[in-house]
Amino acid sequence: MARFLVSMTAALLCSGLLSALAADGTNNEGRAIPNFNPDGLTAWTTNRPDHDDFMPPPSGPGPVTFDPAHPYVPNQSGQPTYRVADLTNPILKDWAKEQMKKANDEVLAGKVPFIARERCWPIGVPGFVIWNRGQPLHIIQTPTKVLMINELYAITRHIYLDVPHSKNPKPSWWGESVGHYEGDTLVVDTIGMNTRTFVDNYRTPHTEQLHVVERFKMMDGGKLLHVDLLVDDPGAFNMPWRAVQEWRRINPTPFIEDLCEPNNTFFFGYNVAPLPQADKPDF
């Protein structure tokens, strides 16, 4: 079933049947809005080796990054390392630091850390924008919804336009994302996240109070997709903090089917999170 859905999405993308916007580039109210995929084949991809880390904001509190004593080196940048989080970041509450220290200690002891994409687990929000370092991000815009599909395992976000949040959304892997356009910017507001995901690849935890606002905007003449993030969770963080992510435009880019295959459960003997397995069908 998953293979069928991915294939159908790919076909629609390539055929242009999922038109991004109205012919005149406006929404239902006739206002001009950004078109992130004007030809049905435009996609966005890595623009730096450490693309699966947040970039710091221009000013103010920022995301967790690596411990300076144990620098993170991504693939293709030298001898790669696993991440060891900087626990001196002032955003972290004590309980979060204690949990992250255990993960740090395991890495320093030679164990393989949990990374969602390597175990086929959802990454949630805001982690979606740092899911991987290579496969493209595809964006489909309709008058009522925006779909963001990362080609790695076709993980998909559903962003519902011009509607309020549910009164009491049930916590879920992806939470509830609603959005609207402010001129040339898509603003996405997400709540309702469960606590089974991490905020980033440094294994930063969060609570169900997590609230994320993302502002997606094309820059450099449409060659760059830039997103500013505001992350607030009074249960896990001492203050709201900001981060940045960017992709470069590539086109034309047909959607490539890429599924996570459960063939590495043993994973060389390391005691890491098991691959998710369904015990009943979705339909």
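By convention here, the first residue in the shown sequence is residue 1. If you're wondering where the values come from, they're calculated on a predicted model, not measured in any experiment.
- For the 3.5 Å distance criterion, the side chains of Thr42 and His138 fail to qualify, holding no donor opposite an acceptor.
- Under the 4.5 Å side-chain heavy-atom criterion for Ile, Leu, Val, Met, Phe, Trp and Tyr, Ile155 and Leu152 are members of the same hydrophobic cluster.
- With hydrogens and angles disregarded, no donor-acceptor distance shorter than 3.5 Å links the side chain of Trp44 to the backbone of Ile250.
- The only option from Asp232, Asn89, Val199 that meets the side chain to side chain contact (heavy atoms under 4.5 Å, CB included) definition with Phe237 turns out to be Val199.
- Residues Glu176 and Ser166 form a side-chain contact, since some pair of their non-hydrogen atoms from C-beta on lies under 4.5 Å apart.
- Follow the hydrophobic side-chain contacts under 4.5 Å out from Ile139 and you reach Trp131 in the same cluster.
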Could you check Glu182 against Arg215 for side chain to side chain contact (heavy atoms under 4.5 Å, CB included), going step by step and ending with a plain yes or no? CA-CA 9 Å; Glu182 293 182 2; Arg215 302 179 66 88; 2.8 Å; yes
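- The minimum heavy-atom distance between Pro34 and Gly183, with the atom names listed, is CD-O, 3.4 Å.
- Between Leu229 atom CG and Phe128 atom CZ the span is 12.0 Å, to the nearest 0.5 Å.
- No side-chain donor-acceptor contact under 3.5 Å links Asp94 to the backbone of Glu98.
- Here Asn47 pairs with His51, Leu224, Glu246, Arg248 under the side-chain contact (heavy atoms from CB on, under 4.5 Å) rule; sequence neighbours left out.
- Residues Val227 and Phe54 are members of one and the same hydrophobic cluster, defined by side-chain heavy-atom contacts under 4.5 angstrom among Ile, Leu, Val, Met, Phe, Trp and Tyr.
- Between Asp184 and Lys217 there is a salt bridge, since at least one side-chain N of the basic residue sits less than 4.0 Å from a carboxylate O of the acidic one.
- The shortest side-chain heavy-atom distance between Val146 and Leu186 falls under the 4.5 Å cut-off.
- In terms of modelled atom types and a separation under 3.5 Å, the side chain of Glu214 and the main chain of Pro126 share no donor-acceptor contact.
- To the nearest 0.5 Å, the span separating NZ on Lys97 from CD1 on Ile91 amounts to 11.0 Å.
- For the pair Asn238 (side chain) and Pro90 (backbone), a donor-acceptor distance under 3.5 Å is present.
- His180 and Asp189 form no side-chain donor-acceptor contact under 3.5 Å, judged by distance and modelled atom types alone.
- A salt bridge links Asp52 and Arg83; the closest N-O separation between the charged side-chain nitrogens and carboxylate oxygens is under 4.0 Å.
- In this structure, Leu147 CG and His158 NE2 are separated by 5.5 Å, a value rounded to the nearest 0.5 Å.
- Between Asn104 and Leu87, the closest side-chain pair of non-hydrogen atoms falls below 4.5 Å.
- Between the side chain of Asn37 and the backbone N or O of Gly40, at least one donor-acceptor pair lies under 3.5 Å.
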Side-chain donor-acceptor pairs under 3.5 Å in residues 55-70, sequence neighbours left out?
unit_1, atom_1, unit_2, atom_2, d
Asp67, OD1, Ala69, N, 2.9

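- Between the CD1 atom in Ile191 and the OG atom in Ser177 there is a gap of 9.5 Å [rounded to 0.5 Å].
- In this structure, CG on Asp233 lies 13.0 Å from CE on Met239, to the nearest 0.5 angstrom.
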I would like to know whether Tyr153 and Gln135 meet side chain to side chain contact (heavy atoms under 4.5 Å, CB included); could you show each step before the answer? CA-CA 9 Å; Tyr153 314 149; Gln135 288 84 353; over 6 Å; no
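- A side chain to side chain contact (heavy atoms under 4.5 Å, CB included) with Met148 is found for one member of Ile159, Ile140, Val129 and no other, namely Ile159.
- In this structure, a donor-acceptor pair under 3.5 Å is absent between the side chains of Tyr82 and Glu106.
- Here the closest non-hydrogen pair linking Leu161 and Pro143 is CD1-O, 3.8 Å.
- At distances below 3.5 Å, at least one donor-acceptor pair connects side-chain atoms of Thr207 with backbone N or O atoms of Gln209.
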Residue pair Leu225, Phe36: steps toward the side chain to side chain contact (heavy atoms under 4.5 Å, CB included) verdict: CA-CA 8 Å; Leu225 178 60; Phe36 300 114; 3.8 Å; yes
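- Phe198 does not carry Arg203 over the face of its six-membered ring by the limits of under 6.0 Å from the centre and within 45° of the normal.
- Taking the six-membered ring where tryptophan is involved, the planes of Trp247 and Phe216 are essentially parallel, since the angle between them stays under 30° and well short of 60°.
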Residues Thr46, Asn132; criterion side chain to side chain contact (heavy atoms under 4.5 Å, CB included); working and verdict: CA-CA 8 Å; Thr46 303; Asn132 68 316; 5.8 Å; no
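- A continuous path of hydrophobic side-chain contacts links Phe114 to Trp173 [ILVMFWY only; heavy atoms under 4.5 Å].
- Defined by atom type and a distance below 3.5 Å, a donor-acceptor pair is missing between the side-chain atoms of Glu208 and Thr195.
- Taking all atoms of both residues into account, the shortest heavy-atom contact from Lys93 to Gly235 is CD-O, 3.5 Å.
- The minimum heavy-atom distance linking Arg249 with Gly222 is given by the pair CD-O, 3.2 Å.
- Residues Tyr160, Val178 make up the rest of the hydrophobic cluster containing Val163, defined by ILVMFWY side-chain heavy atoms closer than 4.5 Å, directly or through other members.
- A salt bridge is absent between Lys102 and Asp105; no separation between the charged side-chain nitrogens and carboxylate oxygens falls under 4.0 Å.
- Without hydrogens or angle criteria, Thr81 side chain to Val73 main chain gives a donor-acceptor distance under 3.5 Å.
- Side-chain atoms of Val244 and His226, non-hydrogen and from C-beta on, do get closer than 4.5 Å to each other.
- Linking ILVMFWY residues whenever their side-chain heavy atoms come closer than 4.5 Å, directly or via other members, leaves Val187 and Tyr181 in distinct clusters.
- Side chains of Asn35 and Gln141 form a contact here, defined as non-hydrogen atoms less than 4.5 Å apart.
- For Ala96 against Ala236, the heavy-atom pair with the smallest separation is CB-O, 4.2 Å.
- Between Ile123 and Thr197, the shortest heavy-atom contact is O-CB, 3.6 Å.
- Going from atom CG of Asp53 over to atom CG of Asp200 covers 7.5 Å, rounded to the nearest 0.5 Å.
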